[in-house]
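To start, the structure under review is shown below, and the notes come after it.
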2 protein chains.
Amino acid sequence: MAAISGGKTYHHGDLRNALICAAVDLATEGGPERVVLREAARRVGVSPTAAYRHFDGRGELLRTVRTHAQRLLADAMERAAAREPGADDPALAAERRVAALCRGYVGFAVDQPGLYRAAFCAPRPAAPDEPAQDRQTPDPELRAFTLLREALEALARTGTPRFGVRPASGAAAWSAVHGLSLLLLEGPLRRLSAQRRNAVVDTTLAMVVSGTRTH
Amino acid sequence: MAAISGGKTYHHGDLRNALICAAVDLATEGGPERVVLREAARRVGVSPTAAYRHFDGRGELLRTVRTHAQRLLADAMERAAAREPGADDPALAAERRVAALCRGYVGFAVDQPGLYRAAFCAPRPAAPDEPAQDRQTPDPELRAFTLLREALEALARTGTPRFGVRPASGAAAWSAVHGLSLLLLEGPLRRLSAQRRNAVVDTTLAMVVSGTRTH
DNA sequence: CCGGAATGTTCATGCGGTAAACATCGGGCA
DNA sequence: TGCCCGATGTTTACCGCATGAACATTCCGG
């Protein structure tokens, strides 16, 4: 049983999870660099080294947070797409879905900058010995990318025959929304007014939708 | 006179510059997070606190490195554009210049990951009190962006009249190359083979060139 | 009921940022 | 010329963080 009453027990009962929650909170507040083992332990009310019973160290804790953040990002995208009204024209619907997913993506980044950055924090230093992988799909875990790619493929299928989708257009589209998010978040485009920001987002989405098609 | 002979003098003579060089080296080796005040001082052969006579602290040192890295990035872009052969058709030439600049951008990121990341390291934590600026041009210092925007404007001018460039297309194009760079560098697209990477770059550039035009 | 495995805790080490007090040097001014 | 001040380095010190080692407590299966 978890300790229900206020009385502290020597064993926490669910420390791993509690630490993850605290770490996610930290990331939410200040991004990956604020995910600090000692602080997470402090918030849970446990000694710093206790965390080592559940994680290899700060690195693994951070990786766990990253996984959570990626999930939340994909959730936000799906919610945004679900809110989008359907359309009679399937091509229009597909186009709208792509745009909605992208908006959800950028919206999550802007609303949850800490989590967004945590979702893409690199496992530094990158092990240079890892084998080159040649998939176009980078990581099955990354639902965000899958959503985007599938939406683009659906868009291609609905198009008139003279349209097609370039092979790596998923990655290209992703690049655009990812770069846009980072420039808005912590890059030189932070500090834009909401109005200008929307204009930039719209222009970028137009580029993605119209620019991924061959003609 | 600077100390030419091996003999150490109490005063370094050009410590600020020496520290900057060391810090740039550190960033080159391991990105902004490896820019460590103590290590820079160590390399220069000076006590850690000496740096405080020339910088407000690690933050300012890092900001200085960032400025240097941005300059190097823009230089790389210009070199890439300069290597590009001209074309008789001005529209084609303008298009090539945009592509070359973008390639230079991504190439710099891939060749100099540490410096590239340093060029965009955020001044964390971002002061939330700073006023929203409404320029489309984020920072006159950022020559990289200026180059890209001007090339896109030139491209628009050469186009047949039915083409135009969307207002924020500079930011959109920048988003694409920036996101692409980061995904390739430390994101889920690292570990792509050079071949796949080139395919992704080509697709993204095509998106930028064809997708920034209204039609 | 007992002993080991899980799970926490206390110490200890090392690194990095930074401030305060002290030392040294170089150059201008009496 | 000689002295004194300001610029530039150094020492010492404090704090937070990551992490390992040794010790303590609890729980659970035999």
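Computed from heavy atoms alone, side chains included, the values below leave out hydrogens, waters and symmetry copies. Convention: sequence-line order gives letters A, B, ...; per-chain numbering from 1. The structure presented is a predicted model; accordingly, all values stated were derived computationally and were not measured.
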Which whole-number value in Å describes the distance from [X] [atom1] to [N] [atom2]?
{"X": "Phe55(B)", "N": "dA7(D)", "atom1": "CZ", "atom2": "P", "answer": "17 Å"}
{"X": "Glu39(B)", "N": "dG16(C)", "atom1": "CD", "atom2": "P", "answer": "7 Å"}
{"X": "Tyr52(B)", "N": "dA7(D)", "atom1": "OH", "atom2": "C1'", "answer": "19 Å"}
{"X": "Asp14(A)", "N": "dA6(C)", "atom1": "CG", "atom2": "P", "answer": "17 Å"}
{"X": "Arg16(A)", "N": "dT7(C)", "atom1": "CZ", "atom2": "P", "answer": "11 Å"}
{"X": "Leu61(B)", "N": "dG16(C)", "atom1": "CG", "atom2": "P", "answer": "14 Å"}
{"X": "Arg58(A)", "N": "dC17(D)", "atom1": "CZ", "atom2": "P", "answer": "11 Å"}
{"X": "Leu26(A)", "N": "dG16(D)", "atom1": "CG", "atom2": "P", "answer": "16 Å"}

| Member of Arg196(A), Arg197(A), Arg103(A) meeting the salt bridge (charged side-chain N to carboxylate O under 4.0 Å, His left out) criterion with Asp202(A) | Arg103(A)
Which of these nucleotides, [options], is closest to any side-chain atom of [X]?
{"X": "Ala50(A)", "options": "dT9(C), dT19(D), dG17(C)", "result": "dT9(C)"}
{"X": "His54(B)", "options": "dT11(D), dT9(C), dT8(D)", "result": "dT8(D)"}
{"X": "Thr49(B)", "options": "dT19(D), dG17(C), dT12(D)", "result": "dT12(D)"}

| Any N/O donor-acceptor pair, Arg38(B) side-chain to dT18(C) base, under 3.5 Å | yes
| field | Whether Glu84(B) side chain and Arg97(B) backbone form a donor-acceptor pair below 3.5 Å | value | no
| remark: Judged by nearest nucleotide, the residue sitting upstream toward the 5' end of DNA chain C, Leu15(A) or Pro48(B), is Leu15(A)
| request: Quick one: sort the Phe108(B) and Tyr116(B) rings into parallel, tilted or perpendicular, breaks at 30° and 60°. | output: perpendicular
| Going by the angle between their ring planes, with limits at 30° and 60°, are Trp174(A) and Phe145(A) parallel, tilted or perpendicular? | tilted
| said: Counting the atoms with a prime plus P, OP1 and OP2 as sugar-phosphate, which does Arg42(B) contact under 4.0 Å by heavy atoms, base, sugar-phosphate, or nothing? | reply: sugar-phosphate
| field | Side chain proximity check, His68(A) to Ile20(A), heavy atoms < 4.5 angstrom | value | yes
